[in-house]
Amino acid sequence: MGKQGDYKVRIPLPLISTPSSDGHQGGRSAMTCLYRCGNACFHEVPNTSANEYVGDVIAGALSRRSLMRTAAVVTVAAAAGATVVGAPQAHAATSTAPTPSYQKSGKASRGLRYSPVAPNTTDAVTVPDGYAQNVVIRWGEPILRGAPAFDPERQTAAAQAGQFGYNNDFLALLPLGHGKQLLVANHEYTDEVLMFRGYDPANPTREQVEVAWAAHGLSAVVVEEDRRSGKLTTVSRHPLNRRVTATTEFRLTGPAAGSDLLKTSADPTGTKVLGTLNNCSGGTTPWGTTLHGEENFNQYFANSSRATDKRYGIGTGASERKWERFDQRFDVAQEPNEVHRFGYVVEFDPYDPTSTPRKHTALGRFKHEAATVRLTSDGRPVVYSGDDERFDYFYKFVSSKRVKKGTSRAVREHNLSLLDEGTLYVAKLSGDSPAIEIDGTGKLPADGEFDGSGQWIPLATATAKGAVSHVEGMTAEEVFVFTRLAGDKVGATKMDRPEDIQPNPVSGKVYVALTNNTNRGVGSNAPADEANPRNANKHGHILELTERWNRPESQKFAWSLFLVAGDPADPATYFAGFPKDRVSPISCPDNVAFDPYGNLWISTDGNQLGSHDGLFGVATKGDRRGELKQFLTVPTGAETCGPIIQDRRVLVAVQHPGEITGATVENPASTWPDGPGKIVRPAVVAVWRKDGSDIGV
């Protein structure tokens, strides 16, 4: 790109990535692969099931067009037109459907009226002209009474347990009133080599391991707004501030709680577990709690030899962090069931600092990315979640219980049990184009769109009296503990790393971020299909679902690819039919969120186009549908996480800055956020308009 906002002149970028010298593809460093997911992409694909190609799945699925004819689609007002420079350029992947008539005057979609940030590699958070920012909170800042100031040279487990944790991912802001809000953050994993001077990966000390345990988990911290500047600042030592770590007691609930599969020598009841690990994305609930998905939990466990563990990617040797040396529960050979107690959706009540967090077994066990909620018309919660693995599935859970209103203890306890009874489903998609038209290049089929229909396949139902399996050959307990195997058995559709899933609060449509899958169509791996149309897919795409009758409890849906990411000049990309010379390049969509106008905001992880990761807004409706604009970029080595889009503020979690192969405390790759001579620190950033107006209007 040229200057910000000018999309007629492109700056040269290495848009086609080549493997680095260490064998890692594109924008993700070897360090990220190691510490975040235990080098998952370098292991054999866990899913070796022979599920059907989506174009061949006909039985039980309606065609997309017949579904759309019978669906009650929510009507939404079209956004105002936007200024367009020049005429639309034709590309091979442009839809054959009629192109909207773009006006030469007017404004961009409401909420997206900002000058797009150009792709860059600046070691900073770069925001649009007219916007300001501040760091809300950094790793190590004290939030509990008695916690000391951060000192990276003298860090202890006791200190870290009272300080903001490491590698913030999902964020939630809950109301408190009087200009205050309650910020909840996930702490996904730790980069020990960037935390400890002189760290020896082969021989970590007990203190280093215990600091890492304390740096995992969740943080709750009260924040308040400076109305004059727009800054958010923390209220340290507030009574609602809280830390949850890898050693905090959790309660296992739902149909698998108490199962023999969850019992250990330390917990013969199978109902209590210490800690939560690798919390990635999550969600908030209508009853005032937060949900957190345990994702790459497998990497913390060592010495497995069982077939079921292979499906979850648990290694046969020592773990990278060597935690098993200091607590036998991380040694599968000694505690074979401990690993079954991770990989769930965690529910946390931030308004009650004495509450025990819960792990909901009814939502299944896999590498949860996200847990987002919407309600049925009769008040029952529906939770969507992706399984972030190559060729794995996405799911939803439909509760059989209704939300109650009120704040009494009885009402609170009822609502905390809503996710323990109901039915767990997995998605199965069919395309409506002939298989011959899906050639793996990303070329659109003859009908001009990657689309089709789908169904939610029931896996198991939990009730107050027990649970029933809908999967032949598996008990209900096995379905809830070995959920991936259940998805294999019912022929769920293999997807390209399904991550965050969010329902649009304006239209009711559901959006699924599919980050990438460079193994698609390679060797004996599953080839491209209409829902995952590119072989060696390194840029990812976004799926748009319309559930039948726009009812979240429906077992039928229509789907289409809303966005196929990559360089807009590449014929294999698609932006909902919007002219591609007027969009920002985007790669590897990860977390997603919505603004008050129904625009989709996308944060990226592992940009394969030569630029740093960032946050993007894209219109989902009206004649600007598909217009995608970059809002910010993050520093060197960082990933953009946890976006929150409020009327007057955007928050992002800047995760793992400086996470570049070879970087250490002594040899940092980034100096963010505090400049040269300071240790690099993950942090939460707030962005607002300097004139105090709403974002993007």
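Computed from a predicted structure; not experimentally measured. For this chain, numbers begin at 1 and follow the sequence in order.
With respect to D623 and R625, no salt bridge is recorded, no charged nitrogen being found less than 4.0 Å from a carboxylate O. Ion pair K509/E547 not flagged as a salt bridge, since none of the NZ, NE, NH1 or NH2 atoms sits closer than 4.0 Å to an Asp/Glu carboxylate oxygen. The pair E295-K367 does not meet the salt-bridge criterion, since no charged nitrogen lies less than 4.0 angstrom from a carboxylate oxygen. The residues D529 and K494 are annotated as not salt-bridged, no charged nitrogen and carboxylate oxygen being separated by less than 4.0 angstrom.
Residues V592 and S603 form no side-chain contact, since every pair of their non-hydrogen atoms from C-beta on lies 4.5 Å or further apart.
In this structure, K629 forms a cation-pi arrangement with Y114, its terminal cationic atom sitting closer than 6.0 Å to the ring centre and no more than 45° off the ring axis.
Between F616 and F631, a ring centre-to-centre spacing not shorter than 6.0 Å is recorded. Residues F397 and W456 place their aromatic rings such that the two centres sit no closer than 6.0 Å. Proximity of the aromatic rings of Y395 and F366 is defined here by a centroid distance below 6.0 angstrom, and this criterion is met.
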With side-chain hydrogen bond (donor to acceptor under 3.5 Å, both in side chains) as the test, would you mind laying out the steps for W287 and E347 before giving the verdict? CA-CA 11 Å; W287 51 95; E347 184 167 13; 2.7 Å; yes
Audit row: Y574, F450, ring-ring contact (aromatic ring centres under 6.0 Å, His included) steps and yes/no: CA-CA 10 Å; Y574 176 73; F450 296 115; 7.4 Å; no
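We find the CG-CZ distance between D496 and R534 to be 9.0 Å, quoted to the nearest 0.5 Å.
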